[in-house]
Amino acid sequence: MAHVKVFDTTLRDGEQSAGVNLNRLEKLEIAKQLERLGVDIMEAGFPASSQGDFEAVKEIAETVRGCSVTGLARAHKKDIDIAWEALKGGAEPRLHIFLATSPIHMTHKLKKSPEEVVEAAVEAVSYAREKFPYVQWSAEDACRSDYDFLVHIIEKVIDAGATVINLPDTVGYTTPDEYGKLFDYVKQHVPNINKATLSAHCHDDLGMAVSNSLAAIEHGATQIEGTINGIGERAGNAALEEIAVALQIRQDRYDFQTNMVLKEIKRTSDLVSRLTGMMVPGNKAVVGRNAFAHESGIHQDGVLKETTTYEIITPAMVGIDSNRMVIGKHSGRHAFKQKAETFGFELTETKLKEAFESFKNLTAKKKEVTDDDLFAILTDTQTANEDQPKYELKAFQVQYGSINKPTATILLTTPDGVEVERANTGEGSVEAIYNTLDDLIDEDVHLQDYQLSSIGRGRDALAEVHVQLTVNDRQASGRGSAQDVLEASAQAFLNAVNRTLYNFNKPPIQKAQV
Ligand SMILES: [Zn+2]
């Protein structure tokens, strides 16, 4: 079977999803999990876009050893120099340069003639090759480019030293048949194409990203790009877990394999969904909550008699484990630590102590602490930035009745360590809390979006809230989980505000759209 490399861009293209902004520790936790998932290449960010992104990419490159870490750069020397500083400590430093090749992008965005674009691409790639052993070049908006111009520029950038040529469907416009033909055309007409790896990068605007990626593989792509849960710009990218499972299940049709460890899919999906706040719909292929739930009577009967009647993917294949190790009220620290390790968390002694305390507190309130609860506790502890001063919720009380206006009283500590208290009202309990927090916080805060969900099922499930705010006109997202909905709401709001205090925001410069 032929091997297809997996290029994950959850931390770059995925992080560009509207409303997503991950902090350094969250990115690092996702990177470590992507390494366990067995991706060949991970794109950790866009180092020149902000100091925060630079630091995150650098830390990931220096931490991850099992795969190649790459970063995005425009075709500018300055971007390439900054990316080298971030990536040089990696196990296999790799750069991803992009430049648009479609008439619409060259004319309106770049304001360059086609020959000027060729020149800029060649110059950037040869400059990058002086530093990086691997350089990927992307023809942004390849699918709407003139095929003969593509052939011409690809030949030139391969001569300049590009080791990977990526043909992205930047705007999610192509169809499987058309995309396959593009790969055929490039393979047939670019004389030095065998010196480079051909890569596919698809967006899901017409719901065809996964189908287009599979078509590309059948027509000569040996690298496939995408994200976990298909998150990304606009309608998102191709979902890597869907491609990997499709190749596995339909081996009779596709003679290709990846290095992805399918059993790590569920955990990776859960982690990305929690940290980004991009919820996975219940009916999502491969990782949706209902993907394995056979609820209709006829189906259930069939599945009980013989699982393959309706179930083409087994839950175990993607890491949904039915024989979970149970951990209860009386479990000690050792058992707790083991459990954390099975989830893939490597905790320091301090973090282990904190997580264990949260677990013990929860067992006092909740009859059954589930794997989902533990996973939430561990992610929260592992990604909490303890060193930086922040707003912290000390105590709060809400009065709600169907006749009186809801009132919230809140006690906070500010980043300077001062305790402040205030009360205010709102039309509902959450609004009362948010109005009060707004009074207590110096920053100018506006709520843009609020989402409430439960962690796991059952009457005593933990509540999880994701919010999007603008804080002093900058976008910020936050999350909070607690046994009570109101406490989770307050925590999510403060989490978003705290992120903006330390430049965790998205870069203000124009976003890269590969
Ligand atoms: Zn993209």
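One-based numbering along the sequence shown. In listed order, ligands and their atoms are each counted from 1.
- Not counting sequence neighbours, Y450 has no partner by the ring-ring contact (aromatic ring centres under 6.0 Å, His included) test.
- In this structure, N237 contributes its side chain and G230 its backbone to no donor-acceptor pair below 3.5 Å.
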Could you walk me through whether Q451 and M279 pass side chain to side chain contact (heavy atoms under 4.5 Å, CB included), step by step?
CA-CA 10 Å; Q451 282 183 65; M279 305 291 176; 3.5 Å; yes

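- Around the Zn ion (ligand 1), the protein contributes the following N, O or S atoms under 2.8 Å, ordered by chain and number: D13 OD2, H201 NE2, H203 NE2, V514 O.
- Both tests do not hold together for R499 against Y391: distance to the six-membered ring centre under 6.0 Å, angle to the ring axis within 45°.
- Around the NZ atom of K5, the shell of radius 6.0 Å holds no more than 12 heavy atoms that belong to other residues, nucleotides or ligands.
- Using the six-membered ring where Trp is involved, Y179 and F183 have ring planes that are perpendicular, over 60° apart on the 30 and 60° scheme.
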